[in-house]
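Here the structure is laid out as structure tokens; the discussion comes afterwards.
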Amino acid sequence: MAEGKFQSSRCTNCGSTDFIKDYEHGELVCEKCGYVAEEHIVDRSAEWRAFDEEEREKRDRAGAPLSLMIHDGGLSTQVGRAPPSMDQEHVDRMARWQDRVRVSNSSDRNLSHALNVIMKVGDSLNLPRTILESSSLIYRRALRSKLVKGRSIHGVVAASVYISCKQFGMARTLEEVASACAIAKKEAGRSYRYVAWELSVLTPPTSPEFYVTRFSEQLELPRSVEIFALKLLKMAVDLKLTSGRGPTGLAAAVTYVASLLAGEHKTQREIAEVAKVTEVTIRNRYKELLERIEITTPI
DNA sequence: AAGACGAAAGTGGTTGA
DNA sequence: TCAACAACTTTCGTCTT
């Protein structure tokens with residue numbers, strides 16, 4: 001099994017046991033040397049469970065992969081935890097299921113259409129299959145609860161995708177999801193609040209740390225800078241500097257400071273661009289940070 | 001000249017009466 | 001429904017490197 005490889009949590013390059021997760025690419029990367037220990041961990045859904053012996057044993061004993069039906073109805077109780085994995089077999093099953101319902105009644109046609117949209121959105125947002133499957137389950141629950149009636153399919157798809165991104169800690173903003181669904185942010189937001197409320201799905205705000213990882217990657221900053229930024233972020237959280245603040249602005253600010261102090265200087269403009277916030281916001285955030293934190297030179 | 005700074009006014013969303 | 005509010009944006013003049 002591919003998962004087995006992942007279990008040896010020692011870097012084959014330098015022997016370190018410290019790994020960090022790259023959510024953007026679903027990779028497990030050695031903290032010391034940057035060696036990519038395992039790719040596509042998100043697709044295999046290994047990263048959340050690989051260090052949990054009990055879970056792994058359970059799965060080993062069960063043998064076959066967990067069914068798509070299992071997390072149906074269980075979403076509201078699974079907040080913060082990743083649903084079971086999905087492999088090629090699941091994708092095939094989903095496709096077959098999609099084909100099967102195509103000719104049936106109106107709600108099945110609606111579902112079929114929505115699944116197509118979800119696939120496209122997932123493609124343009126670079127989302128792993130696990131999230132797409134989870135999105136489709138949320139959509140299906142919304143459909144069953146008659147939430148789609150009188151609303152646009154795209155709106156409910158946006159809500160479903162956004163909710164499952166949040167549940168998986170996948171850093172995607174509402175704006176990005178909305179634009180992938182070709183709808184306005186306002187409509188996506190309305191739809192998201194409605195669906196989340198009606199389905200009683202708890203969605204904690206996306207943690208800034210997921211954005212830090214993503215921005216560092218997009219800016220091609222070295223791993224050390226990202227790690228430093230995460231440390232700064234933790235300080236900010238501990239100092240309660242984060243409440244009420246947008247996660248992207250915060251992530252942008254710590255990324256900026258980290259890049260500065262690590263001698264890998266990026267301009268406020270560059271960071272503002274990938275973070276989709278303004279330079280002013282970056283300045284305001286990091287000013288607050290510098291007022292409260294004694295910066296010691298990193299590395 | 002580019003980057004950073006910060007003041008001031010404007011925007012869109014939330015909250016609470 | 002409306003006003004107050006906080007976070008954020010836009011714009012722009014000024015300072016720094």
Side-chain angles (χ1 to χ4, degrees), chain A residues 79 147 150-152 154-163 165-166 169 171-216 218-222 225-226 228-229 232-298:
Chain A
V79 175
L147 304 183
R151 248 160 268 270
S152 78
H154 285 255
V156 181
V157 164
S160 308
V161 171
Y162 186 57
I163 287 169
C165 282
K166 281 192 155 203
R172 294 292 180 275
T173 61
L174 180 62
E175 204 165 353
E176 289 167 325
V177 175
S179 106
C181 293
I183 60 174
K185 183 189 171 189
K186 204 171 171 180
E187 192 194 336
R190 214 177 9 226
S191 177
Y192 154 67
R193 281 190 302 276
Y194 178 69
V195 171
W197 171 260
E198 290 294 330
L199 297 182
S200 311
V201 180
L202 294 173
T203 51
T206 307
S207 165
E209 69 182 278
F210 298 118
Y211 288 112
V212 169
T213 300
R214 185 180 147 190
F215 298 161
S216 301
Q218 282 176 277
L219 292 161
E220 293 177 356
L221 286 164
V225 176
E226 178 190 331
F228 185 47
L232 288 172
L233 180 62
K234 189 173 180 311
M235 292 186 210
V237 172
D238 290 344
L239 288 166
K240 307 212 180 350
L241 255 41
T242 53
S243 111
R245 267 74 218 256
T248 47
L250 208 57
V254 293
T255 304
Y256 174 68
V257 177
S259 81
L260 247 177
L261 295 176
E264 294 282 345
H265 185 253
K266 295 279 173 195
T267 63
Q268 294 179 355
R269 226 193 73 76
E270 286 175 291
I271 295 179
E273 201 163 314
V274 300
K276 297 199 178 72
V277 295
T278 61
E279 295 153 69
V280 180
T281 300
I282 294 180
R283 287 200 286 271
N284 290 338
R285 280 307 82 74
Y286 97 80
K287 217 166 51 180
E288 292 166 1
L289 198 66
L290 295 185
E291 276 166 13
R292 300 286 301 277
I293 289 180
E294 288 172 39
I295 299 293
T296 50
T297 318

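So that the names make sense, note that chain A is the first sequence line, chain B the second, and so on, each numbered from 1. Quick note: numbers below take in every heavy atom, side chains included, and nothing from hydrogens, waters or symmetry partners.
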- With a 4.5 Å limit on heavy-atom distance, are the side chains of A/S152 and A/E187 in contact? yes

- Message: For a salt bridge (charged side-chain N to carboxylate O under 4.0 Å, His left out) check, start with the C-alpha distance between A/E209 and A/K234, then their side-chain angles and the critical distance, and finish with the verdict.
- Response: CA-CA 9 Å; A/E209 69 182 278; A/K234 189 173 180 311; over 6 Å; no

- Message: Return whichever of A/R283 or A/K186 has its heavy-atom-nearest nucleotide of DNA chain B closer to the 5' end.
- Response: A/R283

- Counting just side-chain N and O atoms, does A/Y286 come under 4.0 Å of either OP1 or OP2 of B/dA4? no

- Whole-Å distance, A/W197 CH2 to B/dT14 C1', equals 15 Å

- Task: Taking the side chain as every heavy atom from C-beta outward, state whether A/F215 and A/I271 have any pair of such atoms under 4.5 Å apart.
- Result: no

- Query: Parallel under 30°, tilted from 30 to 60°, perpendicular over 60°: which one fits the rings of A/Y192 and A/Y162?
  - Reply: perpendicular

- Task: Please state whether the phosphate of C/dC8, meaning OP1 or OP2, lies under 4.0 angstrom from any side-chain nitrogen or oxygen of A/R285.
- Result: yes

- Item | Rounded distance (Å) that lies between atom P of B/dC5 and atom CG of A/N284 | 11 Å

- Item | Strand contacts (DNA chain B) in residues 265-279 of chain A, 4.0 angstrom heavy-atom criterion | A/H265, A/T267, A/Q268

- Item | Atom-to-atom span, CD1 of A/I282 to C1' of C/dC8 - whole angstrom | 12 Å

- Query: How close or far is atom C1' of B/dT11 from atom CD of A/E175, stated in whole angstroms?
  - Reply: 13 Å

- Identified pairing partner of C/dA6, criterion: Watson-Crick or G-U wobble below 3.5 Å: none

- Query: Can you find a pair of side-chain heavy atoms, one from A/E198 and one from A/Y194, that are under 4.5 Å apart?
  - Reply: yes

- Message: Can you measure A/E291 atom CD to B/dG6 atom C1' for me and round it to whole angstrom units?
- Response: 13 Å

- Note on the structure: Side-chain atoms of A/R245 come closest, of B/dA4, C/dA7, B/dG13, to C/dA7

- Answer with base, sugar-phosphate or nothing: what part of the nucleic acid does A/R190 contact at a heavy-atom distance below 4.0 Å? nothing

- Task: Write down the distance between CD (A/E288) and C1' (B/dG6), rounded to a whole number of angstrom.
- Result: 14 Å

- Message: Tell me whether A/E291 is salt-bridged to A/K287, with the criterion being a basic N under 4.0 Å from an acidic carboxylate O.
- Response: no

- Checking all strands, does A/K287 fall into the base, sugar-phosphate, or nothing category for heavy-atom contacts under 4.0 angstrom? sugar-phosphate

- Message: Strictly distance-based, threshold 3.5 Å: is any side-chain N or O of A/T173 a donor or acceptor partner for the main-chain N or O of A/E176?
- Response: yes

- Note on the structure: Here the distance between atom P of B/dA4 and atom CG of A/L290, to the nearest Å, is 14 Å

